[in-house]
Amino acid sequence: MSKVYQKRRHILGNLLPINSTIIIPGADLKYRNADSSYNFRQDSSFYYLSGFCEADSTMLIVNTNGVITSSVFVPRKDKLKEIWDGYREGPEGAKENYFFDNAFNNDEINSELPNLIQGMDKVFYPFGKKDGFDQLVINWMKTAGTKDRHSKAIDIADGSSLIGNLRLIKDSEEIEIMKQAAEISAEAHMEAMKTVKPGMNEQSIEALYLYEFAKKGGRFAAYTSIVAGGHNACVLHYVENNQELNESDLLLVDAGCEYEMYASDITRTFPISGKFSEEQLAVYNVVLEALRTATDCVKIGNNIMDPQIASEKVITKGLVDLGILKGDVDDLHQKGAFKDFYMHKIGHWLGLDVHDAGDYMENNEHMGFKPGMITTVEPGIYISKDADVDDKWKGIGIRIEDDILVTESGNFNLTSKVPSDPKEIEALMA
Ligand code: GLY
Ligand code: MN
Ligand code: MN
């Protein structure tokens, strides 16, 4: 196993105050029905700090006077269980292959973990992230306290931001993986543009994406794909994906693979016939301009509100130019009139999670962009069937979404391989 995980544990350990510890829960196996489980996916923070992918594990990183040690509780070796469910590393494997200083069976956690936190000043853990875990931590702290009644009380604090803000800046290993995730997803979108035909069902297109992802090593989608023909695109989290595609409609697809645990997140909106209508193109071009203007704002010196405000202004002006909004552009922007048609934010951090860890504020200000951050940029315009607008606009829903890496000199678009320019889309579909 790569030593990068051990390195990350040391970085996190050095962010802890002296004489404190952070406890990080791994994920449990989840069941879909009866005894049939979902595919196991490790908790993203646990994975980030270990690379270890067995369910029901817990990790602890301790800073004792600047010396960092890490311990892990893992499933016990068990011949019968391994015949049914696969190989287990056990504590020995966790030490040998994952470079933990201490490792225990997870059925020993209630007796062993309190020993590891006894005498600490402070215990961090991610508050409220895992059912039942908050109570477990309290129990372990109580037990630690009763081991030496004359010792000082242990303080408790939320460790979410400590881990999240580490995850927010991607290291070179992560950037390489995310480039591959983005490329696989971009190629799937191109394949969909070439394949879609009127009369197909949305779920066939969803299946095409999953196949294209899996062929290249991204067996799972990073999130449930949105495959929305026509006015279904105006339902922002449309995931039914079961309607027939009409020749005169657009198809909005928001789909990205997970590759080596990292997410990609791409939206493209393209004409099912292969040719945009005049009205579709007019709205599309406003969204495209918002995408380009907002993307240019993703750079050092700016903060997360710069692309947000830029996209709002472009969309407000575009809607006025099309006659969909009426009034003074600045006034309408000030009043938030665009929110009837563009009601979500411009983007979010992207990484191990599609809506990745990491704060959006620092020191009471909006988070500034720093090299190694990856954010989506995803403006949209959604004109519902019930909107108070000329009939010709009704039912048009368009979003375009790219994944943008902040660099020292500007930014790098990880998803530029799949066209967003309408002429290039039509050429690819011809
Ligand atoms: N695909 C989820 C999102 O764009 O936020
Ligand atoms: Mn997104
Ligand atoms: Mn998306």
Verify whether one side chain among Glu212 and His189 offers a donor that lies under 3.5 Å from an acceptor in the other.
-> no
Any pair counted as ring-ring contact (aromatic ring centres under 6.0 Å, His included), so long as it reaches residues 243-295, sequence neighbours left out | Phe276-Tyr284
Plane angle bin for Tyr209 and Phe213 - parallel if under 30°, tilted between 30 and 60°, otherwise perpendicular = perpendicular
Scan side-chain atoms only and decide if Asp353 and Ser44 contain a donor-acceptor pair under the 3.5 Å cut-off.
-> yes
Side-chain touch Ile24/Leu12, heavy atoms, less than 4.5 angstrom = yes
Can Glu191 and Tyr211 be counted as having a side-chain donor-acceptor contact under 3.5 angstrom?
-> no
Regarding Gln308 and Glu312, is there a side-chain donor-to-acceptor distance under 3.5 Å anywhere?
-> yes
Do Asn106 and Asp56 pass the side-chain hydrogen bond (donor to acceptor under 3.5 Å, both in side chains) test, and can you show the C-alpha distance, the side-chain angles, and the key distance before you say yes or no?
-> CA-CA 7 Å; Asn106 60 5; Asp56 304 316; 5.1 Å; no
Begin from the C-alpha positions of Glu240 and Asn232 and carry the test side-chain hydrogen bond (donor to acceptor under 3.5 Å, both in side chains) through to its verdict.
-> CA-CA 9 Å; Glu240 281 78 6; Asn232 293 336; over 6 Å; no
Return yes if a side-chain donor-acceptor contact under 3.5 Å exists between His237 and Tyr223, otherwise no.
-> no
Would you please classify the geometry between the Phe52 ring and the Tyr98 ring as parallel, tilted or perpendicular, with 30° and 60° separating the classes?
-> perpendicular
Parallel, tilted or perpendicular: which describes the rings of Trp140 and Phe133, with under 30° parallel and over 60° perpendicular?
-> perpendicular
Taking the six-membered ring for Trp, are Trp349 and Tyr360 parallel (under 30°), tilted (30 to 60°) or perpendicular (over 60°)?
-> parallel
I would like to know whether Asp134 and Tyr125 meet side-chain hydrogen bond (donor to acceptor under 3.5 Å, both in side chains); could you show each step before the answer?
-> CA-CA 9 Å; Asp134 304 71; Tyr125 79 96; 2.8 Å; yes
If you draw a 6.0 Å radius around NZ in Lys215, do more than 12 non-hydrogen atoms from other residues or ligands fall strictly inside?
-> yes
Step through it carefully: locate the ring centre of His10, locate the ring centre of Phe99, and say whether they are under 6.0 Å apart.
-> no
Verify whether one side chain among Asp403 and Ser264 offers a donor that lies under 3.5 Å from an acceptor in the other.
-> no
Can a donor-acceptor pair be found between the side chains of Glu89 and Asn97 at a distance below 3.5 Å?
-> yes
